[in-house]
J.: 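Please see the structure below; I have some questions.
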Amino acid sequence: MATVAAEDSGGTGAGLFRDLVPIPGRLEFALRLTAICTLTALINEIYALPEVALSVYVAFFLNKADRVGSLIQNVAVAVLISLLVGILFVLANAVLDQPFRLVVCMAAISLLVLFVATASKLDILAGVLALIVAYGLDVLGQAPFGELATRALLYAWLCVLLPCAVSAVVNILVAPAPRGLVQRELARRMRLAAGVLAEPGDAARRALTETLREGDAELLKLLKFAALERTSPGGDLAALRCAAGSSVALLTLVQMADREPSAGLPAPVAARIGCALNTAAKVFARGDFPAGVEVRLPPEMRNELSAGSIAMVDGLAGVMATFAASPPAPERDPELAKQKGGFFKPDAFSNPAYLRGAIKTTAAAMFCYVFYQLLDWPGIHTCMITCYIVALGTTADTIQKMQLRIAGCIIGAAAGIAAMVFLVPDLTSIAALLVVLFACLLPAAWVAAGSERIAYAGYQIAFAFLLCVLQGSGPSFDMTVARDRVIGILIGNLVVFAVTVTIWPVSVGARIDAGMHRVLGLLRSLVLATGAEPRRRALAEAQRALGSVANDLELIGCEPSHIRPADAWIRSRGAIAEQVSLLCGPLFAGVAAGTAGVIARRLEDLAGGAGPAEDAKPIGSSPFAAIIDARLHRIEAECQAERAEASGDPQYAVP
């Protein structure tokens, strides 16, 4: 779901503050996640199970905003960990008292699990699955004989299965339904559109940009979960799918009205449209939905508008009139079929990045394992665990998340040590311990429920705090254990950083170019599409792809200078992305009859890397033709200038 934060135009401090403010559903999710962690700790304490901290921490990976997505994740992890523990049982006899075989098995299984997970729909769970397997083998290697090895494996299995079971029960009882989340988000988007039209402040504009970056992908995923739940009629879900695409179209037009003077709306007109949007938002908020929203302007008010303003009013009225109108059945079925996919990603076995990523993460983890074994310092075994948590696909992703995790580690360790010194000595019951855990984990869950810019810090705050406070099967006062575990986390971060920047470093630059190519292709489809539903679908996909490009342009600054492209290349891509973003609204608002082919060819030339055509034909006389032509010329000029500079500068090559 969207957050209030967007571009960090107010500085790092302002951006951090925006990422921490309350947003709809954030408190509910944080409370639910904290309750699951507390209940998991309670059961572990009652039965004196080992590795309470790790068991509680796993819950952070098992929960989503809605109950269906959470249950699917709970069941998937439970099944997978059962299969993996079964494999470990088979390997147990082969690795007992055989250190070399143990390391080989750890590396091989880690490599296999990471590759399968990252190349499939289990991508988000790759690290935690590999972590559990590697840690299980590590514990297995410490067992002096078979019976203890069996117990160790069963405890490792229970360590994951317990939070899965607790999460499933809590989500069934209190988690919101996916349809409810969709309607809440649609209401928020309509209120946001009304707010930008009525009072376009910086905060509202940032929120609108951030929401457009999301597109409607998350809403469509929630609606798929709602279909699996079978608690809503199919017609309602079809109408809400239409509304998801319509919300992107509505926000795109509102952004255009706000940023293009020729398409601006006078205050009285904006107020009328905003009032209609707020009324519709109330309908969505109470669990219903309007098929359409009528916008009528008195003739005298309409006559005072310019041609561009009239076209904008008509565009907004057209979207709102069919906002949640169900498309015919033949149009829905292909879309649903298109959203279905196999277990593996389309390029799972052709893209070497998945295997290389698995190799790098495994190499970092095995280095840490051998390191603390040679030093005979088992207290820093968290360095191996950290490798699986921090390693990501690209250098920029890894470094950004590493910064968040180091900051989170320091905060969590400080909170954990403070709790050990001032609170734990006075605890006299399990209930008191649970109160401390709940109070300290709630802020971590709040951070984890935020945007991607800070979520990983919340995970690390919880991880470091739990490792300090919960040692073995209960609380402890041993400061040495807390110190060693924090040192292990920092060592793991440093090892992953060294591996990431030296072995097959992956820049997000190539992803930016691929993303821009996809955006231009989607805009071409938008121009050529006939019918409201295909045009809204192409626009929503284009906005989501633009969001990915914008995120990558922010991330690329985290890369070391020897990995990322030249600064001029980055500035050029940023300027192109800005112009393409401003082009979306005019292209959707209307293209003059007979000029769609001309615009489509220019977009195709841009996507193919060709320069501006010398004999470019005019693109018609629609109210927004001049805007479209000006944006295309700026994109073409920027591309031409960038190619001229890049031809003599090898630094422009994307690693």
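On a predicted model such as this, the values are computed, not experimentally measured, just so you know.
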J.: Tell me, do L219 and L186 make a side-chain contact under 4.5 Å, heavy atoms counted?
T.: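 Yes - at least one pair of side-chain heavy atoms lies under 4.5 Å apart.
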J.: Yes or no on side chain to side chain contact (heavy atoms under 4.5 Å, CB included) for L33 and L442, after CA distance, side-chain angles and deciding distance?
T.: CA-CA 8 Å; L33 178 56; L442 183 58; over 6 Å; no
J.: Do P22 and L27 make a side-chain contact, defined as non-hydrogen atoms from C-beta onward lying under 4.5 Å apart?
T.: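 No. Closest side-chain heavy atoms not under 4.5 Å.
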J.: Any donor and acceptor pair, going by atom type alone, linking the side chain of N74 with main-chain N or O of A165 inside 3.5 Å?
T.: no
J.: I'd like to know whether CZ of F438 has more than 12 heavy-atom contacts from other residues, nucleotides or ligands below 6.0 angstrom.
T.: yes
J.: Between the side chain of N551 and the main-chain N/O of G547, is any donor-acceptor distance below 3.5 Å?
T.: yes
J.: Ignoring hydrogens and angles, state whether a donor on the side chain of S507 or E559 is under 3.5 Å from an acceptor on the partner side chain.
T.: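 Note: S507 and E559 side chains meet the donor-acceptor criterion.
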J.: Salt bridge or not between R511 and D397? Use side-chain N to carboxylate O under 4.0 Å.
T.: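 Yes, R511 and D397 are salt-bridged.
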J.: Is E229 paired with R67 through a side-chain N to carboxylate O contact shorter than 4.0 Å?
T.: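 E229 and R67: salt-bridged.
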J.: Less than 4.0 angstrom from a charged side-chain N to a carboxylate O is my criterion; do E554 and R213 meet it?
T.: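 Judged by the 4.0 Å cut-off on N to carboxylate O distance, E554 and R213 do form a salt bridge.
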J.: Could you work out, with side-chain hydrogen bond (donor to acceptor under 3.5 Å, both in side chains) as the rule, every residue matching Y57, not counting sequence neighbours?
T.: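 Listed in chain order: nothing, the list is empty.
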J.: Can I359 and F115 be said to form a side chain to side chain contact (heavy atoms under 4.5 Å, CB included), step by step?
T.: CA-CA 9 Å; I359 292 173; F115 171 75; over 6 Å; no
J.: Just how far is it from atom SG of C105 to atom CZ of R101, taken to the nearest 0.5 Å?
T.: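 Reported value, rounded in 0.5 Å steps: 8.5 Å.
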J.: At their closest point, which heavy atom of T34 faces which heavy atom of A445, and how far apart are they?
T.: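 Heavy-atom minimum between the residues: OG1-CB, 3.5 Å.
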J.: Do the two ring centres, one from F349 and one from Y354, sit under 6.0 Å apart?
T.: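 F349 vs Y354: aromatic centres not under 6.0 Å.
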J.: Which heavy atom of A419 sits nearest a heavy atom of P425, and at what distance?
T.: O-CD, 4.3 Å
J.: Could you tell me whether R179 and D66 make a salt bridge, using a distance below 4.0 angstrom between a side-chain N and a carboxylate O?
T.: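 Salt bridge flag = no for D66 with R179.
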J.: So do the side chains of Y459 and V447 get within less than 4.5 Å of each other, counting heavy atoms only?
T.: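 The answer is no, as the side chains (C-beta and beyond) never meet within the 4.5 Å cut-off.
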J.: Please report the shortest heavy-atom distance between T382 and I489, naming the atom on each side.
T.: OG1-N, 3.5 Å
J.: Are any non-hydrogen side-chain atoms of I36 and N171 less than 4.5 angstrom apart?
T.: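 Answer yes - side chains close enough.
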J.: Would you list the atom pairs, donor with acceptor, under 3.5 Å between side chains in residues 430-437 and any protein atom, with sequence neighbours excluded?
T.:
none

J.: Do V56 and T38 come close enough that some side-chain heavy atom pair is under 4.5 Å?
T.: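 A side-chain contact is absent here, since even the closest heavy-atom pair is not under 4.5 Å.
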J.: Can you check whether L555's main-chain N or O pairs, donor with acceptor, with Q400's side chain at less than 3.5 Å?
T.: no
J.: For G357, does its backbone N or O pair with a side-chain atom of W504 as donor and acceptor, under 3.5 Å?
T.: no
J.: Locate the shortest heavy-atom distance separating Y372 from C383; write the atom from each residue and the value.
T.: CD2-SG, 3.8 Å
J.: Run the side chain to side chain contact (heavy atoms under 4.5 Å, CB included) check on M384 and M106 step by step: do they pass?
T.: CA-CA 12 Å; M384 181 184 71; M106 288 176 67; 3.8 Å; yes
J.: Using only atom types and a distance under 3.5 Å, with no angle test, would you say the side chain of T502 pairs donor to acceptor with the backbone of A498?
T.: yes
J.: Is there a side-chain contact between E185 and T211, using heavy atoms and a 4.5 Å cut-off?
T.: yes
J.: Check V496 against C387 and note the closest heavy-atom contact, atom names and distance.
T.: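 Looks like CG2-CA, 3.7 Å.
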J.: Can you tell me if R32 uses its side chain to pair, donor with acceptor, with the backbone of A65 under 3.5 Å?
T.: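 It does hold such a pair.
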J.: Does T386 reach the main-chain N or O of G492 with its side chain, forming a donor-acceptor pair under 3.5 Å?
T.: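 No.
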J.: Assess the residue pair F497 and T500 against the criterion (side chain to side chain contact (heavy atoms under 4.5 Å, CB included)); give the C-alpha distance rounded to whole Å, side-chain angles, the decisive distance to 0.1 Å, and a yes or no.
T.: CA-CA 5 Å; F497 174 79; T500 299; 5.7 Å; no
J.: Shortest non-hydrogen contact from L470 to E45?
T.: CD2-OE2, 3.9 Å
